[in-house]
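Reading through the structure tokens given below for one structure.
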2 protein chains.
Amino acid sequence: MKLEQAIQSTKFKSEVQKAVLNTLYTAWWLKTVMSKELKEFGLTHEQYNVLRILKGKYPEQMCVRDVACRMIEKSSNVPRIIDRLELKKLVKRATSQIDKRETVITLTQSGIAILEASTRILDKSMDDNRFMMNCEDAEKLNSLLEKLRKTEE
Amino acid sequence: MKLEQAIQSTKFKSEVQKAVLNTLYTAWWLKTVMSKELKEFGLTHEQYNVLRILKGKYPEQMCVRDVACRMIEKSSNVPRIIDRLELKKLVKRATSQIDKRETVITLTQSGIAILEASTRILDKSMDDNRFMMNCEDAEKLNSLLEKLRKTEE
DNA sequence: ATTATTTATGTGTATATACATCTATTTAGT
DNA sequence: ACTAAATAGATGTATATACACATAAATAAT
């Protein structure tokens with residue numbers, strides 16, 4: 001669906017302003033598509049993101065801060081997301097012995113299993129074939145998004 | 001900041017997958033920039049969006065459903081956002097006389113004033129000059145985002 | 001060594017998101 | 001006209017976001 005239909009608006013202040021709205025709308029659309037797949041695993045988009053980040057270092061542990069700085073949405077409240085994952089026994093919390101301020105997080109076997117299963121489904125649904133976009137298009141899109149974030153300051 | 005630094009990850013499954021993450025990150029970044037400006041008016045990003053939508057029809061009233069279908073994030077809970085705006089006396093609620101199921105929303109003078117003031121500030125901060133992007137770039141970005149949302153189904 | 005500052009995490013609060021359900025009203029079907 | 005279905009909106013619950021603040025531990029400053 002075109003942006004104009006999606007938000008029922010045809011007049012934009014400029015093409016750049018339209019690109020801003022388009023980016024916001026596309027991100028919402030992407031999150032919705034992904035969340036639908038994750039739902040059958042009882043995972044939210046953000047919980048899945050944390051599990052993925054932990055997997056990246058596995059079998060090493062990670063502290064909360066290291067997880068947080070890898071999150072896509074930086075102001076996510078990681079301790080609270082971990083609360084939910086711990087409740088479902090997908091991760092374990094322990095106090096670091098080296099630095100007792102740190103909480104180190106470990107994926108459980110159950111966490112690995114659910115991550116692998118959900119990643120399989122998500123990859124099937126979100127693989128490159130889903131998108132009518134080739135590698136060249138994606139490269140161009142990536143460079144334009146970087147450009148949008150590059151401000152004068 | 002480049003995506004790789006922002007989420008401290010260098011290996012992506014594909015350029016398309018990277019574009020997905022890049023879109024999510026850029027949307028978060030844009031929302032953060034805008035919210036910072038809106039904060040001094042005590043408005044959230046979503047409250048501002050509702051005020052803008054109401055302004056689009058002003059001085060006509062709008063029902064909740066019409067506001068909702070113009071929202072960028074479709075699953076926003078519009079009645080509740082209106083609760084907050086009503087509490088701050090920026091909008092008024094009334095039951096439609098034509099269809100008593102409908103609630104019609106009107107901007108108050110105070111709502112118009114705060115919308116205009118915040119839009120002035122936001123435009124100053126988010127105008128085309130802020131972004132290192134010309135109209136041509138923006139057009140290309142818009143077409144690529146539309147393409148990303150165009151799936152095979 | 002003692003105090004001040006910084007850092008890592010947790011927690012409290014307001015708002016938003018996502019989704020299910022309830023109520024009132026309207027519309028359609030018979 | 002009467003009942004069923006659809007629609008508009010409100011509300012409840014769980015989770016997330018945004019941000020302030022609290023606590024404990026580590027580090028720096030004196």
Side-chain angles (χ1 to χ4, degrees), chain A residues 24-25 27-51 61-88 90-91 93-105, chain B residues 24-25 27-51 61-88 90-91 93-105:
Chain A
L24 294 174
Y25 176 68
W28 172 82
W29 182 87
L30 287 168
K31 280 204 254 188
T32 304
V33 171
M34 288 190 256
S35 294
K36 204 173 290 177
E37 302 292 341
L38 291 171
K39 215 186 159 188
E40 66 170 301
F41 297 96
L43 289 177
T44 66
H45 187 256
E46 296 68 25
Q47 289 170 10
Y48 178 77
N49 197 12
V50 169
L51 293 179
Q61 300 178 321
M62 290 182 81
C63 70
V64 176
R65 202 185 56 83
D66 285 345
V67 174
C69 76
R70 283 172 172 79
M71 295 291 284
I72 293 173
E73 319 223 343
K74 296 304 173 196
S75 41
S76 292
N77 201 331
V78 177
R80 221 109 53 163
I81 297 175
I82 292 172
D83 286 347
R84 313 273 144 65
L85 293 172
E86 196 183 23
L87 220 66
K88 287 185 276 195
L90 304 180
V91 303
R93 256 191 179 110
T95 302
S96 165
Q97 286 315 301
I98 302 129
D99 184 338
K100 281 175 190 161
R101 290 171 305 179
E102 286 186 353
T103 300
V104 288
I105 320 294
Chain B
L24 295 174
Y25 176 68
W28 172 80
W29 183 88
L30 286 168
K31 279 204 255 188
T32 303
V33 171
M34 288 190 254
S35 294
K36 203 173 289 176
E37 302 292 341
L38 291 171
K39 214 186 160 186
E40 66 171 300
F41 298 95
L43 290 176
T44 67
H45 186 256
E46 296 68 25
Q47 289 169 12
Y48 177 78
N49 196 12
V50 169
L51 293 180
Q61 301 178 319
M62 289 182 82
C63 69
V64 175
R65 202 184 56 82
D66 284 346
V67 174
C69 75
R70 283 174 172 77
M71 296 290 283
I72 293 172
E73 319 222 342
K74 295 305 173 195
S75 40
S76 292
N77 201 331
V78 178
R80 220 110 51 162
I81 296 175
I82 292 171
D83 286 348
R84 313 272 144 66
L85 294 172
E86 196 182 23
L87 220 66
K88 287 185 276 196
L90 303 180
V91 303
R93 259 192 179 107
T95 302
S96 164
Q97 287 313 304
I98 301 127
D99 184 337
K100 282 174 191 160
R101 290 170 305 180
E102 285 186 354
T103 301
V104 288
I105 320 295

Which nucleotide in dT17(C), dC19(D), dA10(D) has an atom nearest any side-chain atom of Glu46(B)
dT17(C)
Just to confirm, is there a sub-4.0 Å distance from OP1 or OP2 of dA18(D) to any side-chain nitrogen or oxygen of Trp28(B)?
yes
Taking the minimum atom-to-atom distance to the side chain of Arg80(A), which one of dT17(C), dA18(D), dA10(D) wins?
dA18(D)
Thr44(B) side-chain N/O to dT15(C) phosphate OP1/OP2 under 4.0 Å
no
Nearest-0.5 Å distance, CG of residue Leu51(B) to CG of residue Leu38(B):
9.5 Å
Report the residue (Ser35(B) or Lys88(A)) whose heavy-atom-nearest nucleotide on DNA chain D is the more 5′ of the two.
Lys88(A)
With a 4.0 Å cut-off on N to O distance, would you call Glu46(A) and Arg84(A) a salt bridge?
no
If you take atom types as modelled and just measure distance, does the side chain of Arg65(A) reach the base of dT6(C) with a donor-acceptor pair under 3.5 Å?
no
By nearest-nucleotide position on DNA chain D, the 5'-leaning member of Lys74(A) and Ile98(A) is Lys74(A)
So Asp99(A), base contact, sugar-phosphate only, or nothing? Heavy-atom distance under 4.0 Å.
sugar-phosphate
As an exercise, state the distance from NZ of Lys36(A) to NZ of Lys31(A), rounded to the nearest 0.5 Å.
15.5 Å
Compare the minimum distances between each of dT17(C), dA26(D), dG10(C) and the side chain of Ser76(B), then state the nucleotide with the smallest one.
dT17(C)
Close side-chain approach of Ile82(B) to Thr103(B), heavy-atom, < 4.5 Å
no
Classify Lys36(B) by what it touches in the nucleic acid, base, sugar-phosphate, or nothing, heavy-atom distance under 4.0 Å.
nothing
Pick base, sugar-phosphate or nothing for Lys39(A), based on heavy-atom distances below 4.0 Å to the nucleic acid.
sugar-phosphate
Donor-acceptor pair (no angle test) under 3.5 Å: Arg101(B) side chain, dT7(D) base
yes
Return the 5'-most residue of the pair Val78(A), Lys31(A) with respect to DNA chain C, ranking by each residue's nearest nucleotide.
Val78(A)
For Arg84(B), report the nucleic acid contact type (base, sugar-phosphate, nothing); a contact means any heavy atom under 4.0 Å.
sugar-phosphate
The answer to which of Glu102(A) and Asp83(A) contacts DNA chain C further toward the 5' end, by nearest nucleotide, is Glu102(A)
Counting only side-chain heavy atoms from C-beta out, which of dA10(D), dA16(C), dT15(D) sits nearest to Gln47(A)?
dT15(D)
